[in-house]
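Here's the structure, in structure tokens; my notes come after.
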Amino acid sequence: KVCLWKCKKKIKKVILYLKDGLITDAKVKLYNSRHHIGDFLKCVASRKKPIANEIIGSRTVICCHLINQTYFNNQKISWDPKKLAFAPGTGDPKWLTKKYRTPWSV
């Protein structure tokens, strides 16, 4: 319990630093979407791109997957976003796919 309490205290400090030190005075401000489904439905009618479009979504998911790969494989990696591949000498291309059940393939 002591360790958990200390961890929560450290995390709270980091969150406050990020919020007050970086986010509040950020040079770039992003659109604040509190209702992604409503935004999506408006965009279906208007034919505009939603705030969380396919590009934002894919880049976000890629970042999450890469963080998981570094954690689970205990390796430092570099990513080439233009090629959507690991930079030479880092990562294992096998991490980017999985075995699919027959008859499925990619």
Side-chain angles (χ1 to χ4, degrees):
K1 287 186 177 183
V2 173
C3 180
L4 182 60
W5 181 80
K6 285 182 181 179
C7 289
K8 284 182 179 181
K9 197 172 179 181
K10 286 180 185 179
I11 290 170
K12 188 175 181 178
K13 275 186 175 180
V14 170
I15 290 170
L16 288 174
Y17 166 74
L18 292 172
K19 180 180 164 267
D20 297 336
L22 299 177
I23 297 172
T24 303
D25 295 328
K27 292 178 183 175
V28 175
K29 300 282 185 181
L30 301 177
Y31 174 81
N32 187 5
S33 174
R34 298 200 181 272
H35 198 273
H36 285 296
I37 295 170
D39 179 60
F40 173 77
L41 293 174
K42 279 187 209 172
C43 291
V44 168
S46 69
R47 309 301 278 168
K48 293 180 181 176
K49 281 196 176 269
I51 188 65
N53 62 48
E54 72 283 359
I55 296 167
I56 302 278
S58 66
R59 289 180 182 173
T60 302
V61 169
I62 288 169
C63 288
C64 294
H65 286 307
L66 291 173
I67 289 167
N68 284 331
Q69 290 301 336
T70 60
Y71 177 78
F72 288 116
N73 294 295
N74 197 26
Q75 288 187 19
K76 185 177 176 180
I77 61 171
S78 292
W79 182 252
D80 184 340
K82 289 183 181 176
K83 294 180 181 177
L84 294 176
F86 293 112
T90 67
D92 184 343
K94 291 179 194 171
W95 299 346
L96 302 178
T97 189
K98 65 177 193 165
K99 282 189 174 181
Y100 292 92
R101 291 178 296 160
T102 308
W104 309 108
S105 66
V106 174

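Contact check for R59 versus I55: side-chain heavy atoms found under the 4.5 Å cut-off. In this structure, the side chains of D92 and N73 stay at 4.5 Å or more apart for every pair of heavy atoms.
A continuous path of hydrophobic side-chain contacts links V44 to I37 [ILVMFWY only; heavy atoms under 4.5 Å]. Cluster annotation: I62 is not connected to I56 through the hydrophobic network of ILVMFWY side chains, with a link wherever side-chain heavy atoms come within less than 4.5 Å.
Taken from NE2 in H65 to OG in S58, the straight-line distance is 10.5 Å, to the nearest 0.5 Å. Between the CG atom of L41 and the NE2 atom of H35 there is a distance of 8.0 Å, given to the nearest 0.5 Å. Here the NZ atom belonging to K49 is positioned 3.0 Å from the CD atom belonging to E54, to the nearest 0.5 angstrom.
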Only pairs under 3.5 Å count here: list side-chain donor-acceptor contacts from residues 99-106, not counting sequence neighbours, and write none if there are none.
none

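Between the side chain of T90 and the backbone N or O of S78, at least one donor-acceptor pair lies under 3.5 Å. The backbone N or O of K94 lies less than 3.5 Å from no partner atom in the side chain of T97, so there is not a single donor-acceptor pair. A donor-acceptor pair under 3.5 Å is formed between the side chain of D39 and the backbone N or O of I51.
Ring-centre distance between W95 and F86: below the 6.0 Å cut-off.
Taking every heavy atom of both residues into account, T70 and I67 meet most closely at OG1-O, 2.8 Å. Residues C43 and P50 come closest through the heavy atom pair SG-CA, 3.5 Å.
Taking a 6.0 Å sphere around CG of L84, one finds it holds more than 12 heavy atoms contributed by other residues, nucleotides or ligands.
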